[in-house]
Structure formats: C-alpha cells, structure tokens
Amino acid sequence: MTLEIVTIPCLADNYAFLLRDRATGKVALVDAPESYPIQKTLRDKGWHLDMVLLTHHHNDHIDGLPVLVEEYHPQVIGAKADANRLPPLDLALNEGDTVSVGESMGHIIDVSGHTIGHIAFHFPSASAVFTADSLMALGCGRLFEGTPEMMWASLSKLAALPSDTIVYSGHEYTASNAKFALTVEPQNAALQTRIADITAKRAKGIPTVPSSLAAELATNPFLRAHLPAMKTAVGMEGAPNNEVFAAIRKQKDIF
Ligand code: ZN
Ligand code: FE
C-alpha cells in the first residue's frame, strides 16, 4: 500500500478521508464536510495538509474547506466541469487527468449522475477509489442533476475497476441501503451474509465504509442491473441495462 488512508466520520453521516503518501509524507484530504474532525485528526497524527480533493459541490462535502484553507493553505483540486460551483480551485481536472499525492498517482473518473461534474479519484497503487455520492456502500447517490443513463455509465466505469479495489464512499447510509437491496433481491445469499455483517458493525458503531468493489458487485443492486437474474427479479427480462437501473433507482426514491 502506497497510501495510508484514515476514515474520518463528519457531521451526522458523512465521511472524509485523509491519504498520506508513505514515500513522501504528502497528505491529501478527500472532501471537507466540516473542519473540526479533520483538524483534530491532522493534529493527532502530526500531519500537514498539502492538498484537498473535492468530489462534488454539495455543502456536505465542501463546508469545512475555508477553515482548512486558512490553517493549512492546501492546494484545492476539483472538477473543471463544476469549477463555477466549487470553491476556488488551484487545479481543475477532467476525466483522464491525474493528480499526484507525493508519489501516489490518482486518476480522475467522471461519475456524473448525482450531480453533473461529480468526479471520483482512483489510486491504482493503493487499490483505492474515492466515490463520494456516486457508488456508495450497497447504494448509489440520488439523481439530483443527471439522468439514469448518465449514472449507469458512471457506475459501469467504477464496476470495471479491478475487483480488489476498495471503495471509499461519502456516507454511512449502508443499513438503510441494505433494507432496500433486500427487497430487490431477497434471494441473494451474498447480500444476506453482508447484511448480517453490516448489522453487527452498526450495532457496535463501526463504519461500514470503505467496502470492497467485489462485495458491491455481488450485492449492490445498482451495480447489478445488467444481470439476467436482476432483470428477472424486477420483472424486466430483456430490457436494456440502463432502463433496469432507472427502474431500481426510481423504486429506491420512493422506498
Ligand atoms: Zn452530494
Ligand atoms: Fe453527500
């Protein structure tokens, strides 16, 4: 592992992540829901904050930034496509661009759908992807701005990453996502096993984020819309993948 990654619970149910490149000691933050828990973690670890990687413009991912900028003067990096709505960026990136945290290279993936201009950061050397409100543990973000086709395309890119990739998503929504997933695929044995694990973790107050992409592929209904078994489960045999995804997303919206 080229990166040491620390998960920081913020606000009621958000997560921020600190990434420290072991080779150089450079530290990056993914999203800034609020400043205090991040400042405290940096102080406890004795780390400086060199850069902030923003996934999208929603307040619960950026509100902590001004205080951190004031204290640490990090380089602020986000999507060029959303630069007009994000806080002032020092570096604006597109899909296919890369960002270096010391010697660890992150690849920018456009994962629009929840918002347009939402990006994910994939660090292959650390087998880590930071997905915020695109792919989430047992779920995906609500479609506030994008179309189902757009989100399905975004999720398909994430699904194509190596299956040992660890998914660092933005919220602790997993227990409620699990209830919905079970209504879609009640016979999915891997889902039943995962839900038992989630329930045990939440009872002890342990985060269910991050999760493995392999587990998401086996249990997350939103990554499974292309599978014949899923199409049968939702009564849409032979329908196009993005239409099946759209139907599952719509069911979740009213769940
Ligand atoms: Zn959001
Ligand atoms: Fe969010």
Side-chain angles (χ1 to χ4, degrees), residues 5-19 28-38 41 52-68 76-87 89 92-93 95 108-122 128-155 157-158 166-181 198 202 207-211 216 220 222-223 245-246 248-250 252-253 255:
I5 300 172
V6 181
T7 301
I8 306 174
C10 292
L11 303 174
D13 54 23
N14 276 76
Y15 289 116
F17 305 97
L18 281 171
L19 291 51
L29 170 72
V30 175
D31 284 346
E34 62 175 331
S35 56
Y36 178 73
I38 296 163
T41 306
V52 180
L53 313 178
L54 298 174
T55 59
H56 68 296
H57 77 273
H58 283 157
N59 289 343
D60 63 315
H61 298 259
I62 64 169
D63 274 358
L65 188 66
V67 169
L68 297 170
V76 179
I77 298 167
K80 193 175 266 179
D82 219 6
N84 59 327
R85 298 188 295 185
L86 288 165
L89 299 178
L93 299 174
E95 176 162 79
I108 310 306
I109 306 172
D110 179 296
V111 290
S112 290
H114 175 67
T115 64
I116 293 175
H118 191 314
I119 54 175
F121 299 89
H122 176 222
V129 66
F130 297 87
T131 59
D133 298 356
S134 58
L135 174 60
M136 304 174 98
L138 269 184
C140 75
R142 205 173 264 268
L143 303 182
F144 287 117
E145 298 176 6
T147 62
E149 291 72 23
M150 203 180 268
M151 183 61 117
W152 175 249
S154 296
L155 295 180
K157 288 184 239 178
L158 296 171
I166 304 299
V167 181
Y168 294 81
S169 52
H171 288 271
E172 185 59 57
Y173 293 163
T174 318
S176 72
N177 287 343
K179 287 193 188 112
F180 173 72
I198 289 163
R202 293 314 294 153
T208 62
V209 172
S211 58
E216 298 306 332
N220 186 325
F222 299 104
L223 286 188
F245 169 78
I248 299 170
R249 185 58 254 181
K250 204 179 221 173
K252 175 70 161 64
D253 289 343
F255 180 69

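Counting starts at 1 for both ligands and their atoms, in listed order. Here the structure is a predicted model, which is why all the values come from computation and not from measurement.
Distances from the Fe ion (ligand 2) to the N/O/S atoms of D133 are shortest for OD2. Within H171, the N/O/S atom positioned nearest the Fe ion (ligand 2) carries the name NE2. Considering just the N/O/S atoms of D60, the one nearest the Fe ion (ligand 2) carries the name OD2.
When distances to the Fe ion (ligand 2) are checked against a cut-off of 2.8 Å, H61 contributes an N, O or S atom below that limit.
Taken to the nearest 0.5 Å, the CD atom of E145 stands 10.5 Å off from the CG atom of L143. Between T41 atom OG1 and L29 atom CG the span is 9.5 Å, to the nearest 0.5 Å. Atom-to-atom distance recorded for F180:CZ and I248:CD1 is 7.0 Å, nearest 0.5 angstrom.
With H118 as the fixed residue, the side-chain contact (heavy atoms from CB on, under 4.5 Å) test singles out one of T131, L54, D133: D133.
Here the Zn ion (ligand 1) is the vertex; the OD2 atom in D133 and the NE2 atom in H114 give an angle of 90° (to 10°). H56 contributes NE2 and H58 contributes ND1; the angle these two atoms make at the Zn ion (ligand 1) is 90°, rounded to 10°.
Side-chain contact check for L155 versus F222: some heavy-atom pair is nearer than 4.5 Å.
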